[in-house]
2 protein chains.
Amino acid sequence: MNTKKFQKTADLFQMLSHPVRLQMMDELRKREACVCHLQAVTGRPQAYISQQLRILRDADLVVDEKDGQNVFYHLRSEAVRMLLQELLGDADVPSHPKDCTCPFCSS
Amino acid sequence: MNTKKFQKTADLFQMLSHPVRLQMMDELRKREACVCHLQAVTGRPQAYISQQLRILRDADLVVDEKDGQNVFYHLRSEAVRMLLQELLGDADVPSHPKDCTCPFCSS
DNA sequence: TAAATATATGCAGAGAAAGATATATATTGA
DNA sequence: TCAATATATATCTTTCTCTGCATATATTTA
């Protein structure tokens, strides 16, 4: 059935139709980031970020990579990166929130 | 606030995260189409199609143009057309359902 | 003019899905 | 042990989706 093709595409759009997930992915296209960084950037609690990351991981939109204490996430799909590029414009420089203790922010 | 940028983009994705609306837009990128054509293509009742078209119209994704008895819709945003191109592939030839009485199908 | 057709719109209700929040526990590494 | 993270669960609220039905309007045709 052709319906499946549209359903699959609709599911992808569903993943992306979420302001916080979008903000997280926008941050991720600047540079890989750990949970605490995304916490600081979005102002959301850790459990919330973890939940959204799991949703993104289950949808194959991000990949995680453990490095010592931290788990760093980065975008997986080049197509999604291009989508974000088209709709959000060029990637900004990475945020540098004061209340983030990740290696990037504390250095 | 930056939140608005993500919200706006999320709203666009929300519009697109709907299989029937996607199917309708997929048909529209092949050729302009009237309500009855989209009815035949999707197998949905007229009121349903009109409702979804209004949602798409309110989101500036489609434009309507009256021609005699029929109202023809076409895609408005080139960016959305490119999105569909990227995610759904090349546009197919227009559908030609038997139970459609529109000028294109009855000729 | 009367009837048929195409379309738009509104409303109501039911069910499903999504979102936010809080909490508790487990794992792992420094 | 502490800090970072993952995961599970529960609840509450909101939004979406679909359907059905009724109606209004404009246009075309008989």
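A, B, ... follow the sequence lines: proteins, then strands. Residue 1 opens every chain.
Using a 30° and 60° split on the angle between ring planes, B/Y48 and B/H18 fall in the tilted class, from 30° to 60°.
Phosphate contact (OP1/OP2 of C/dT7, side-chain N/O of B/R54, threshold under 4.0 Å): absent. The shortest distance between the side-chain N/O atoms of A/T101 and the OP1/OP2 oxygens of D/dA4 is below 4.0 Å. At the phosphate of D/dA6, OP1 or OP2 sits under 4.0 Å from a side-chain N or O atom of A/S50.
Applying the salt bridge (charged side-chain N to carboxylate O under 4.0 Å, His left out) rule to pairs touching residues 17-36 of chain A yields A/D26-A/R29, A/E27-A/K30, sequence neighbours excluded. Sorted by first and then second residue, the salt bridge (charged side-chain N to carboxylate O under 4.0 Å, His left out) pairs with a member in residues 74-94 of chain A read A/D60-A/R76, A/E78-A/R81; sequence neighbours excluded.
Rounded to whole Å, atom C1' of C/dT9 lies 12 Å from atom CG of B/D58. For the pair B/L53 CG and C/dA8 P, the interatomic distance rounds to 6 Å; values are reported in whole Å. Here the C1' atom of nucleotide D/dC16 and the CG atom of A/D11 are 14 Å apart, to the nearest Å. As rounded to whole Å, 13 Å separates atom C1' of C/dA6 from atom CG of B/L38. To the nearest angstrom, C1' of D/dT5 lies 8 Å from OH of A/Y73.
Across every non-hydrogen atom of A/L56 and A/M24, the tightest pair is CD1-CE, 4.5 Å. Closest of all the heavy-atom pairs between B/V20 and B/R44 is CG2-NH2, 3.7 Å. Smallest separation of non-hydrogen atoms from B/T101 and B/S106: O-OG, 3.9 Å.
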**OP:** Evaluate the side-chain contact (heavy atoms from CB on, under 4.5 Å) criterion for residues B/Y73 and B/L28: first the C-alpha distance (whole Å), next the side-chain angles of each, then the deciding distance (0.1 Å), finally the verdict.
**Re:** CA-CA 7 Å; B/Y73 283 83; B/L28 289 180; 4.2 Å; yes

**OP:** List the steps, then state whether side-chain contact (heavy atoms from CB on, under 4.5 Å) holds for A/L16 with A/L83.
**Re:** CA-CA 10 Å; A/L16 299 168; A/L83 273 192; 4.0 Å; yes

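Looking only at distances, a side-chain donor or acceptor of A/S17 sits under 3.5 Å from a matching main-chain atom of A/Q14. Here the side chain of B/S77 pairs a donor or acceptor atom with the backbone of B/A79 at under 3.5 angstrom.
For the segment residues 24-31 of chain B, no residue has any heavy atom less than 4.0 angstrom from an atom of DNA chain D. Taken residue by residue, residues 62-72 of chain A places heavy atoms nearer than 4.0 Å to DNA chain D at A/Q69, A/N70, A/V71.
Among residues two or more places apart in sequence or in another chain, the ring-ring contact (aromatic ring centres under 6.0 Å, His included) test is passed with B/F6 by none.
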**OP:** Encode nucleotides 15-26 of chain C as B, S and - characters from 5' to 3', where the letter depends on protein heavy atoms closer than 4.0 Å: B to the base, S only to sugar-phosphate, - to neither.
**Re:** ---SSSBBB---

